[in-house]
Amino acid sequence: MTLQSMTGFARSEGTTGRYRWAWELRSVNGKGLDLRLRLPSGMDSLEAEIRAIVGEAIIRGNLQISLNMTAAESRMDAVVNEDALAAVLALREKLGPSIVSQAPLSLDALMSVRGLVEFREAEDDAESLAARHFAILEGLRTAVQALADMRRREGEALGAVLLAQVARIAELAHVVEVDPSRSPEEIIRRLEAQIALTMAAAPSLDRDRLHAEAALLATKADLREEIDRLKTHVAAARTLLMEGGPVGRKLDFLAQEFNRESNTICSKSNAAAVTAAGIELKVVIDQFREQVQNLE
């Protein structure tokens with residue numbers, strides 16, 4: 001499976017019968033799959049099918065989906081308010097004897113009666129509606145596929161960036177691992193120097209006790225566990241990036257683990273080179289985590 005970014009845009013348009021329609025899909029980062037639909041009046045019945053079509057190709061992301069429709073030709077129907085017409089005729093019958101002239105009711109006279117006749121956009125028959133809905137949903141499938149393709153292309157580019165960042169994390173972990181300050185000889189030399197300074201300042205201190213305390217501090221300051229965990233996390237990140245698929249959440253968790261180890265390395269460091277490597281580790285890990293937020 002390939003990696004997918006969560007950002008993208010797609011558009012699909014077409015004509016069905018007397019209507020022209022256009023889909024626009026915009027996708028940004030999200031913790032889950034969140035769809036925000038903007039549909040023309042009368043198209044709400046398609047919502048369930050829209051969500052199903054999108055869910056087949058997209059797993060995560062905030063999606064704004066809009067459908068615009070315009071009629072290429074206008075067809076109007078005149079709708080007569082039967083109740084109002086009956087009331088007008090009943091009134092004419094009631095007032096007939098008192099009306100001097102019984103001229104026939106003209107169309108103009110009836111049209112002047114407010115609310116008697118209403119002009120509305122003509123409704124399509126069931127067959128036309130089914131054909132229109134089918135074409136519109138097929139257009140959505142086309143747009144969703146185009147969006148998924150764009151997200152995959154961005155995901156592939158993002159994967160290359162992330163692999164380079166993981167490689168840099170591995171390099172910096174190696175820098176810390178081979179730093180001369182971590183060699184047994186250097187540790188012994190540094191401890192002996194610290195003990196000598198302490199004894200010179202306070203000759204009454206127990207030298208054996210100082211050696212024991214120094215050894216304990218040296219053990220606590222050792223970075224072996226942090227380096228080993230970094231190597232394990234690097235291997236896991238590389239595996240996820242090569243496998244692809246919706247691995248954004250897992251990589252985000254690994255980014256937190258990377259950050260935890262780099263913090264510990266900086267806090268335990270007793271050499272300038274190790275501290276510098278630890279700080280650069282934090283910078284690269286922050287960049288890695290920021291990029292991971294874009295992955296599905």
Side-chain angles (χ1 to χ4, degrees), residues 1-9 27-32 58-62 148 150-187 190 217-296:
M1 297 179 68
T2 58
L3 295 171
Q4 278 202 36
S5 167
M6 283 192 285
T7 60
F9 172 82
S27 172
V28 295
N29 300 355
K31 292 183 178 180
I58 307 296
I59 296 176
R60 285 181 64 197
N62 289 328
M150 182 177 183
R151 285 165 50 119
R152 274 193 291 272
R153 289 193 299 271
E154 291 194 7
E156 290 173 2
L158 190 55
V161 172
L162 291 171
L163 282 171
Q165 290 170 338
V166 170
R168 184 57 182 157
I169 291 172
E171 291 174 3
L172 291 168
H174 182 69
V175 169
V176 173
E177 184 176 24
V178 301
D179 189 83
S181 66
R182 296 193 62 254
S183 67
E185 297 79 12
E186 177 60 21
I187 292 173
R190 190 164 54 249
L217 290 174
T219 301
K220 289 182 178 180
D222 184 63
L223 301 175
R224 182 72 266 160
E225 290 185 10
E226 287 73 22
I227 293 169
D228 289 343
R229 282 196 290 266
L230 274 178
K231 289 181 176 180
T232 299
H233 299 332
V234 163
R238 282 173 169 159
T239 298
L240 288 172
L241 289 169
M242 296 305 295
E243 289 178 351
V247 296
R249 291 182 184 276
K250 294 179 180 179
L251 288 170
D252 185 50
F253 172 76
L254 281 177
Q256 297 178 47
E257 295 301 305
F258 279 140
N259 192 57
R260 183 176 292 111
E261 305 307 333
S262 67
N263 284 337
T264 305
I265 287 172
C266 289
S267 65
K268 285 185 174 183
S269 173
N270 51 24
V274 172
T275 300
I279 292 173
E280 187 175 350
L281 259 176
K282 290 175 64 64
V283 171
V284 176
I285 291 166
D286 282 345
Q287 294 170 345
F288 176 82
R289 188 173 186 181
E290 183 178 348
Q291 294 292 346
V292 163
Q293 305 308 310
N294 296 317
L295 275 186
E296 185 178 75

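What you see is a predicted model, and the numbers here were worked out from it, not measured in a lab.
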Compare every heavy atom of [Y] with every heavy atom of [X], then report the nearest pair and how far apart it is.
| X | Y | value |
| --- | --- | --- |
| Val176 | Ala277 | CG2-CB, 3.7 Å |
| Thr2 | Arg152 | OG1-CD, 3.1 Å |
| Met6 | Gly30 | SD-O, 3.5 Å |
| Cys266 | Lys282 | SG-CD, 4.0 Å |

If you define the side chain from C-beta out and look only at heavy atoms, does anything of [X] sit under 4.5 Å from [Y]?
| X | Y | value |
| --- | --- | --- |
| Asp286 | Asn259 | yes |
| Pro246 | Arg60 | no |
| Leu223 | Asp179 | no |
| Arg289 | Gln256 | yes |
| Phe258 | Leu281 | no |

Under the 3.5 angstrom rule, does the side chain of Ser262 hit a backbone N or O of Gly278 as a donor-acceptor pair?
->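 Pair absent, no side-chain N/O of Ser262 close to backbone of Gly278.
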Could you state the interatomic distance from [atom1] ([X]) to [atom2] ([Y]), rounded to the nearest 0.5 Å?
| X | Y | atom1 | atom2 | answer |
| --- | --- | --- | --- | --- |
| Lys231 | Glu261 | NZ | CD | 13.5 Å |
| Glu290 | Ile285 | CD | CD1 | 14.0 Å |
| Ser5 | Leu158 | OG | CG | 6.5 Å |
| His233 | Leu254 | NE2 | CG | 7.0 Å |
| Glu154 | Leu3 | CD | CG | 12.5 Å |
| Ser27 | Arg151 | OG | CZ | 4.0 Å |

Could you walk me through whether Gln287 and Val283 pass the side chain to side chain contact (heavy atoms under 4.5 Å, CB included) test, one step at a time?
-> CA-CA 6 Å; Gln287 294 170 345; Val283 171; 3.9 Å; yes
Taking atom NZ of Lys250 as the centre, does the number of heavy atoms from other residues, nucleotides or ligands within less than 6.0 Å exceed 12?
-> no
Inspect the contact between Arg260 and Glu257 and indicate whether a charged nitrogen and a carboxylate oxygen are less than 4.0 angstrom apart.
-> yes
Those residues at least two apart in sequence (or on a different chain) that pass salt bridge (Lys or Arg N to Asp or Glu O under 4.0 Å) with Glu226 are Arg229, Lys268
Validation: residues 159-174 side-chain donor-acceptor distances under 3.5 Å, sequence neighbours left out:
unit_1 : atom_1 : unit_2 : atom_2 : d
Arg168 : NE     : Glu280 : OE2    : 3.0
Arg168 : NH1    : Glu171 : OE1    : 2.8
Arg168 : NH2    : Glu280 : OE1    : 3.2
Arg168 : NH2    : Glu280 : OE2    : 2.7

